[in-house]
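This one's a predicted model, so the numbers in the text were calculated from it and none came from an experiment. What's counted below: heavy atoms across the whole structure, side chains too, no hydrogens, waters or symmetry copies. Every chain is numbered from 1 and lettered A, B, ... according to where its sequence line falls, protein lines coming before strand lines.
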Amino acid sequence: MTDTRTLTHVDTLRLPVKQPFHFRYTLWKPSHFATGLEQHSQQRSWRTFRVGELVCGVVLSMDGSDTVHIEVYSDGPWQQADRDRLSARLIHSYGLDEDLSAFVALAEQVPPMREPLTALAGMRQSCPENLFEIAIISLLLQNATVARTAQMMTNLLDHYGLIAEFDGVRLKAFFTPEEIAGVDEATFRERDRLGYRAKYLGRFAEFFTMHDPDEADHASKAELMTEFQTIKGVGPYTAAIIAGHAVRDPSALGLDVWNRKLLAKRLLDADDAEAEVVMTEMHRLFPGYEGLAGLYVIEDAYRERAVVELVQR
DNA sequence: ATCCAGGTTCACA
DNA sequence: TGTGAACATGGA
């Protein structure tokens with residue numbers, strides 16, 4: 001059924017990180033739902049990536065306190081260009097070279113942030129997904145429970161993605177825009193149970209076939225948000241997820257009913273509040289870092305009860 | 001059964 | 001510019 005690739009060891013990378021760096025909470029987010037694309041233990045993380053034509057599997061761990069050690073597995077010939085591309089992707093995905101000090105200085109002034117800042121010190125945004133992949137995930141999150149989002153995600157990955165085996169783990173890997181370009185709306189609807197979202201997936205594939213999803217360089221963040229929202233199915237929320245996660249704009253915050261309630265509780269001492277009220281408060285407290293601040297609040301809320309627990313090993 | 005999920009589009013004031 | 005319905009599906 002699903003294409004299974006056995007990956008072989010092709011490289012070892014050592015990437016420096018800017019301090020402070022919290023390895024565990026950067027690569028593994030307690031609030032993230034299960035996708036099968038990654039796995040984490042206390043000391044190690046496994047994850048798949050599509051790098052050009054290749055399927056990659058990586059095993060990440062810390063080498064001392066300021067170097068991330070990465071064993072790389074692949075299903076084909078590995079060239080210097082692939083090494084460079086994967087290195088850049090990893091540094092970007094986990095913000096290894098980012099400086100958090102300005103955000104921390106700001107957040108330290110906000111009492112409800114004290115606990116998250118202490119518990120998660122050195123945590124960065126994580127987004128191993130590229131623009132296309134994160135766009136799909138946020139599309140599936142729209143107006144659906146997480147259980148249903150996970151179900152749709154499973155369907156898509158099982159039907160169009162593949163399985164990668166490496167270092168004793170078996171993980172799913174994403175499909176590329178080209179790989180779903182020929183799938184019609186009815187198939188997404190009936191076979192993958194996407195409901196009304198079925199009509200948007202083709203638009204996404206089309207857009208990212210024209211715009212390389214690994215290319216996150218754009219003139220301005222505002223321009224990018226506007227450009228993404230020209231894709232049918234991408235509204236303010238999805239565009240903000242893309243900007244905040246894949247483009248790593250620390251000010252981008254996509255409010256949904258889930259984080260809106262969480263932020264209202266933590267920052268306004270209310271069970272819920274109008275989106276505009278929450279957003280205004282985020283702007284007031286964390287100008288320029290609304291999204292990153294939201295991330296700290298959310299992950300802290302899930303710290304004691306992670307959606308996907310760590311595995312042994 | 002009815003409501004509503006980690007929203008967006010489209011029609012119509 | 002601003003509101004309200006419709007959109008698929010499945011669990012509570």
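Checking His69(A) against Ser61(A) by side-chain atom types alone, no donor-acceptor pair falls below 3.5 Å. Remark: the Gln80(A) side chain and the Arg83(A) side chain contain no N/O donor-acceptor pair separated by less than 3.5 Å. Defined by atom type and a distance below 3.5 Å, a donor-acceptor pair is missing between the side-chain atoms of Glu165(A) and Thr4(A). Looking at Thr187(A) and Asp184(A), their side chains do bring a donor and an acceptor atom within 3.5 Å of each other.
The backbone N or O of Arg44(A) sits less than 3.5 Å from a side-chain atom of Arg24(A), completing a donor-acceptor pair. Distance alone, capped at 3.5 Å, is enough to place a donor-acceptor pair between the Glu133(A) side chain and the Asn130(A) backbone. Under the 3.5 Å distance criterion, the side-chain polar atoms of Asn259(A) are left unmatched by any main-chain donor or acceptor of Leu262(A). For Asp75(A) (side chain) and Val55(A) (main-chain N/O), a donor-acceptor pair under 3.5 Å exists by modelled atom type.
Scanning residues 187-194 of chain A for heavy-atom distances under 4.0 Å to DNA chain C yields Arg189(A), Arg193(A). For residues 142-149 of chain A, proximity to DNA chain B is found at Gln142(A), Asn143(A), Ala144(A), Thr145(A), Val146(A), defined as any non-hydrogen atom under 4.0 angstrom from a strand atom.
Residue Lys199(A) places its side chain closer to dC7(C) than to any other of dC7(C), dC10(B), dA5(B). In the set dT8(B), dG6(B), dC10(B), dT8(B) carries the atom at the smallest distance from any side-chain atom of Pro236(A).
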Given salt bridge (charged side-chain N to carboxylate O under 4.0 Å, His left out), test Arg303(A) with Glu115(A) step by step and report yes or no.
CA-CA 11 Å; Arg303(A) 209 157 40 80; Glu115(A) 184 192 314; 3.1 Å; yes
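Note on Ile231(A): only backbone sugar-phosphate atoms sit closer than 4.0 angstrom, heavy atoms only; bases stay farther off.
Taking atom P in both dG6(B) and dA5(C), one finds a spacing of 22 Å when rounded to whole Å. Rounded to a whole angstrom, the distance from the P atom of dG11(C) to that of dA1(B) is 16 Å. Using P as the reference atom, dA8(C) and dA11(B) are 15 Å apart when rounded to the nearest Å.
Residue side chain Tyr196(A) reaches the base of dG7(B) through a donor-acceptor N/O pair under 3.5 Å, judged by distance alone.
DNA chain B is contacted by both Gly233(A) and Asn259(A); Asn259(A) maps to the nucleotide lying nearer its 5′ end (nearest heavy atom per residue).
Between dC10(B) and Lys232(A), a contact under 4.0 Å exists linking OP1 or OP2 to a side-chain N or O.
Summarising the geometry, the separation between CZ on Arg260(A) and P on dC4(B) is reported as 12 Å, rounded to the nearest angstrom. One atom, CD1 of Ile137(A), and another, C1' of dA5(B), lie 18 Å apart when rounded to the nearest Å. Taking atom CZ of residue Arg197(A) and atom P of nucleotide dG6(B), one finds them 11 Å apart after rounding to whole Å. Separating the CG atom of Leu141(A) from the C1' atom of dA5(B) is a distance of 11 Å, rounded to the nearest angstrom.
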